[in-house]
Amino acid sequence: MADTPTTATGSTPWRHIPAQVDLPALERDVLDHWDGQDTFAKSLEQTAGGKPWTFFEGPPTANGMPGTHHIEARVFKDVFPRYRTMKGYSVERKAGWDCHGLPVEVAVEKELGFNGKKDIEAFGIAEFNAKCRESVLRHVDAFADLTTRMGYWVDMEHPYRTMDPEYVQSVWWSLKQIHDKGQLVEDYRITPYCPRCGTGLSDHELAQGYETVVDPSVYVRFPLTSGPVAEKAGKPVSLLVWTTTPWTLVSNTAVAVHPDVDYVVATDGNESLVVAEPLLSALGEGWTVTDRYVGRDMERWNYQRPFELVEFPEPAHYVVLADYVTTEDGTGLVHQSPAFGADDLIVCRAYDLPVVNPVESDGTFQADVPLVGGQFFKKADEDLVNDLRDRGVLFRHVPYEHPYPHCWRCHTPVMYYALPSWYIRTTQVKDALLRENEKTNWYPESVKWGRYGDWLRNNIDWAVSRSRFWGTPLPIWRCADDHQVCVGSLAELGELAGRDLSATDPHRPFVDDITFACPTCGEESTRVAEVIDAWYDSGSMPFAQWGYPWAEGSKEKFEKSYPADFISEAIDQTRGWFYTLMAIGTLVFDESSYRNVACLGHIMAEDGRKMSKHLGNILEPIPLMDDHSADAVRWFMACSGSPWKARGIGPNVLNEIVRKVLLTYWNTAAFHALYARLADWSPSAGAPPVAERSVLDRWLVSETHRLVRDTDEAYAAYDTQKLGVLISQFVDVLSNWYVRRSRRRFWAGDAGALATLHETLDVLTRLMAPLTPFVTERVWQDVFRPVTPELAESVHLAAFPQYDETVIDDRLATHVSMARRVVELGRSARAEAKVRTRQPLGRALVGSAAIADLDDELLREIAEELNVGSVEPLSSAGADLVEFSAKGNFRQLGKRFAKQTPVVAGAIAAADAAALAASLKASGTATVVVDGADVEVSADEVLLSERPREGWSVVNEQGETVALDLEITPELKQAGLAREVVRTLQEARKNSGLEVSDRITVWLTSTDPELSDALGKHADEIAREILATDLTVSMPPATSSLTTGTEDDLGLTYWLTKA
RNA sequence: GGGCCUAUAGCUCAGUUGGUUAGAGCGCUGCCCUGAUAAGGCAGAGGUCACAGGUUCAAAUCCUGUUAGGCCCA
């Protein structure tokens, strides 16, 4: 690395790796290194011939600043391509920008101080769109900085942009495919509409304008004219219908009932009314039920409509079935007016009912409508209700308070209004969509047939047009006779228009000006006014990013990369990009465009609340990474908690990742480099065969292969949470068990230990590289490449490690974990006895179940770790010292005894444990008495534990026992004092700034006779431990300049100097 | 109003096919260990596993309902 702070030392290639490291500074260096070496490009070149593994980048809109939440999906979009690249796949990574859409227009409108579409038209569409074009790329640099800083490798040099002419023409081509199949059609769409402003409102605008108002709610009689109860003993029978918008009754078209709800006919003696049974109480007192029908049996009963004010194409005015009908309020019979309600329109369309709309676009009734002609729609309620009352069809009238949307600009009540709109008939490919979804792997799986599957099963046609300015123009031209031509490219348009249009900007207003003679009738064809939903743009990226099929080479690129192996975005894209990608792919190619999709939860502030300016809890992404390192942030995004759930990020959790994972890993590598350098060891020097290495080496080799196997599986299954658990646990046990227990061998330059740790760190570095690409690169450059120059020049150009299943030794794993367990219990026993670890003890006794798993090598490790002379079986203390207890193993017993389990377990607990133990040991079975009968139980059905009676410090947990012999002989006492002296001098060495390998000269004096005795007997051992070439038990010569100190508790005074 | 997700220690979260005494980290207290470490270990305090029913010999785990929060949609 260019300006690395690490340096080669002397003749050895081993670099000095500092134990402390500034991760953010390290990352800046690594970024420079990648930049200088062109590492990303090399990784693509190196794998160019490999099997393709395709990833699609979901395009962000760059008209806002990137936030910390943007890092989340980008981590997933980086980790798996890096992993696949290390596995030899060719992974193309093209960035993209989403350029069109209403949010862009709204932002520009706000900048210009505009107040609606009229202002834009006055300003000029060309000028307005130019502003949008500029706005949408305003923060591309900020996104690029974020992308670079976090180590997301994606090609930002050649991104696709949804506004580029090549992209737009590709979108046109796909729309033409859909139009030619008759699946892109014009129809009515119910839009929230402000009649004063004359404009539709977006959902976002609508949400801002809710106000609580009091509307008349009316219960109206609709007399039946057909069906089994139309005539009831000469008395009229009516459907009772409830509505809060009496003005829509003028255009009543049908009445909807729920197919599965029970409806009743009730009479008060004068008349009969039909209502849903759960809402019978709406009628009041004195009504008796005479008949009942399930909703689905009422289908197509005819009735007489409430007003005869407008002409109506028949057939209409009958009962229809609709699942959305509820029995929460009203009567369970819902008035349908498809021009003014989205649900109404869907339901009525299914019955082919007409859409009758007597209201002008300014919100007034058409002038020729009797009674209410010319009236504003809301104002007409009063006259209409009065008329209903006068004619005796009004059953009840009550004021109804509810939230109703108003225009956020002018507070005019919003009208839900049928406007012509272009639809893609996705309902026609619903079965194909369900089929494609079945083939898709969702992470987490619950989304597949949960939130997303529900959306597909309830699929509705996609209203794809927008009456706006900045978007892909809908490429449909038509003449007065509605002969439509959907144009698939500028070349095609040029042919129709008879001139070269290849350089035309395919946006409004330029394409609006192009007209041609209708190919069918010769009359003038003009473009329809709309642009398309920007979601269609982004859902087209699998082919449009290559300009398919027009751009040169686009066919090859497209065919090679469709469908994608992997996409990932946050959960809010289920009905957004995840849907539009699948829908467009299925419509155009009859195949969804992705196979695996990771669907992430949202990123919150550390307090679990949404990050917002209002709360002042926003964490800016780049400062966050500069404070904690990008690797830590990446690790958080991938491995902390479940990525499928909302998660809070902040300094606490990031600091923990740095300390527990990144620095522990770094430090283990630094430790290895330190002792490999001191031993002048080389990986090429050859090491003893694994089978001849020490037990901990053999164990670590096995665990390393296990880790490769498990992480490889986790990567392949997109399970980053599991990766985090596997790697962090491995790093912890590597540092705090393997290295800790092996330190003496490293000090001695043991080739087996050095080779084992070297190999393990190599593997660990590779398999962590996709997650934490910075620190692993630095370790690769500073620890591995200097000593093995033939290695790949970057860890990201190296191969993912391989494993050998036959090397994974489960028995050895069990044995080592038992050893660790015994150590844990031994420490606990020491703490309980209040005997410090530096005081050697004679022996530890271990329960017989545990000791069966421990060979001599492991017993030695335990003895050393616990500072005891030997570890022996508990039974060696003499049989009568041991006390047994027995418990039933519920899980085992449950299989055999089911209901009797607790009784048998009780019998085991009540039995003579010593006899039970003896019998199990002798024959493998034992007999207990259950309800007077003998029952035979086997060894695995009984949990035995044993403990000595007294004079020992004993810890007994979950069947395992460790006992410490607390007798401290004079020899042990002195050995303990020697350990204290060693400890004191090691501390002094460290404080005086000596290197770990420096040799020293030492003088010691004591004021305590017992200590003096110990110094005399253990002088050689002390000298060896503290690397003293010369140790004198006396005062030093008066002239020397020395480090000195005293340890009062011991009565020790020391002087030392570098030898 | 509908659908989905979530609810476990003060905080952040694990918890396999139901099974013995529900775990970890952070934080707190005490002690210990340290020739790489910003570490590590042992112990202590801290839990009505949101609530209410149900299934079962046995429920944090399976079922039903309720409450609260989140997301999407109306």
Side-chain angles (χ1 to χ4, degrees), chain A residues 17-21 203 323-324 326 328-329 342-343 444 446-447 449-455 457-458 570-576 601-602 604 606-610 640-642 644-648 650 652-653 655-656 658-660 662-675 721 725 728-729 732 735-737 739-740 743-744 746-747 823-832 834-838 865 867 887-895 897-905 909 943 955 957-959 982-983 985-987 989-990 994-998 1025-1027:
Chain A
I17 311 292
Q20 268 91 27
V21 63
D203 293 343
D323 287 330
Y324 85 92
T326 70
E328 291 293 314
D329 46 19
D343 291 320
S446 59
V447 180
W449 293 119
R451 182 182 289 199
Y452 188 73
D454 281 342
W455 164 240
R457 279 189 284 251
N458 298 314
I571 183 80
D572 53 58
Q573 295 297 329
T574 33
R575 295 188 182 191
H602 285 125
M604 317 287 231
E606 196 152 37
D607 58 8
R609 292 188 298 180
K610 242 187 197 172
S640 285
S642 168
W644 324 131
K645 292 203 302 203
R647 292 173 293 167
N652 291 327
V653 61
N655 284 333
E656 190 178 329
V658 168
R659 292 206 327 264
K660 293 267 184 189
L662 303 178
L663 291 184
T664 307
Y665 159 73
W666 173 266
N667 233 282
T668 307
F671 173 89
H672 174 63
L674 172 62
Y675 287 101
Q721 187 178 20
V725 171
S728 61
Q729 283 181 353
D732 179 67
S735 171
N736 291 316
W737 170 252
V739 171
R740 175 188 167 85
R743 277 178 302 187
R744 284 182 180 275
F746 285 99
W747 302 342
V823 164
E824 186 185 316
L825 294 175
R827 285 180 185 139
S828 180
R830 268 194 181 270
E832 194 164 284
K834 300 205 189 307
V835 181
R836 52 175 45 180
T837 311
R838 281 199 293 275
E865 184 66 19
N867 197 18
K887 286 194 294 188
N889 181 340
F890 274 73
R891 191 188 276 269
Q892 292 298 330
L893 292 171
K895 290 181 193 165
F897 296 103
K899 280 193 183 185
Q900 292 300 309
T901 303
V903 187
V904 178
L943 296 169
V955 170
E957 261 180 75
Q958 314 243 343
V982 168
R983 171 68 201 144
L985 283 150
Q986 298 290 27
E987 194 75 40
R989 275 188 63 116
K990 198 173 189 175
L994 292 166
E995 293 292 318
V996 295
S997 55
D998 287 339
E1025 288 291 306
I1026 64 175
L1027 303 183

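Everything quoted here is computed from the prediction, not taken from an experiment. All values below were derived from every heavy atom in this structure, side-chain atoms included, with hydrogens, water molecules and symmetry-related copies excluded. In the text below, chain A, chain B and the rest are named by the order of the sequence lines, each starting its count at 1.
Across all strands shown, B:rC62 forms a Watson-Crick or G-U wobble pair with B:rG54, both key distances being under 3.5 Å. Look at B:rG47: it lacks any Watson-Crick or wobble partner with both distances under 3.5 angstrom. Pairing of B:rG27, defined by two Watson-Crick or G-U wobble distances under 3.5 Å, is not identified with any nucleotide. With both pairing distances under 3.5 Å, B:rA9 is matched to nothing as a Watson-Crick or G-U wobble pair. When both distances must be under 3.5 Å, the Watson-Crick or G-U wobble mate of B:rG40 is B:rC32. If you check B:rC71 for Watson-Crick or wobble pairing at under 3.5 angstrom, you find it paired to B:rG3. Within the shown strands, nothing qualifies as a pairing partner of B:rU20 under the Watson-Crick or G-U definition with both distances less than 3.5 Å.
In this structure, the side chains of A:Glu865 and A:Arg740 come closer than 4.5 Å at one or more pairs of heavy atoms. Using a 4.5 Å heavy-atom threshold, the side chains of A:Arg830 and A:Thr837 count as touching. In this structure the side chain of A:Leu1027 never reaches within 4.5 angstrom of the side chain of A:Asp998, judged on heavy atoms.
Nucleotides B:rC13 and B:rU56 have their P atoms positioned 36 Å apart, rounded to a whole Å. Separation of the C1' atoms belonging to B:rG18 and B:rC63 is 13 Å when rounded to the nearest angstrom. Taking atom C1' on both B:rA9 and B:rU48, the two are 13 Å apart, rounded to the nearest angstrom. Distance check on atom P: B:rA24 versus B:rG46 gives 15 Å, rounded to whole Å. A distance of about 12 Å separates the C1' atoms of B:rC28 and B:rC11, rounded to the whole Å. Atom name C1', nucleotides B:rA50 and B:rU6: the rounded distance is 11 Å, in whole Å. B:rA7 and B:rC62: their P atoms are spaced 11 Å apart (whole Å). Nucleotides B:rC33 and B:rC42, compared at atom P, are 15 Å apart to the nearest Å.
Mapping A:Trp455 and A:Phe890 onto RNA chain B via the closest heavy atom, the residue that lands nearer the 5' end is A:Phe890. When the nearest nucleotides of RNA chain B are assigned to A:Asp572 and A:Gln721 by heavy-atom distance, the more 5′-ward of the two goes with A:Gln721.
Protein atom OH of A:Tyr452 is 17 Å distant from nucleotide atom P of B:rC4, rounded to whole Å. Rounding to whole angstrom units, CH2 of residue A:Trp737 and C1' of B:rC33 are separated by 14 Å.
Salt-bridge formation is detected for the pair A:Glu1025/A:Arg744: a Lys NZ or Arg NE/NH1/NH2 atom is positioned less than 4.0 Å from an Asp or Glu carboxylate oxygen.
Using a 4.0 Å heavy-atom criterion, one finds that A:Asn652 contacts no nucleic acid atom at all. Nucleic acid contact class of A:Thr901 (heavy atoms, under 4.0 Å, all strands): base. Note on A:Gly888: a base of the nucleic acid sits closer than 4.0 angstrom, heavy atoms only.
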For nucleotides 34-41 of chain B, just jot down a letter per nucleotide in 5' to 3' order: B, S or -, based on protein non-hydrogen atoms under 4.0 Å.
BBBSBSSS
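Taking 4.0 angstrom as the limit, A:Lys645 places a side-chain polar atom (N or O) nearer than this to OP1 or OP2 of B:rA14.
With A:Thr664 contributing its side chain and A:Lys660 its backbone, the two residues share a donor-acceptor pair below 3.5 Å.
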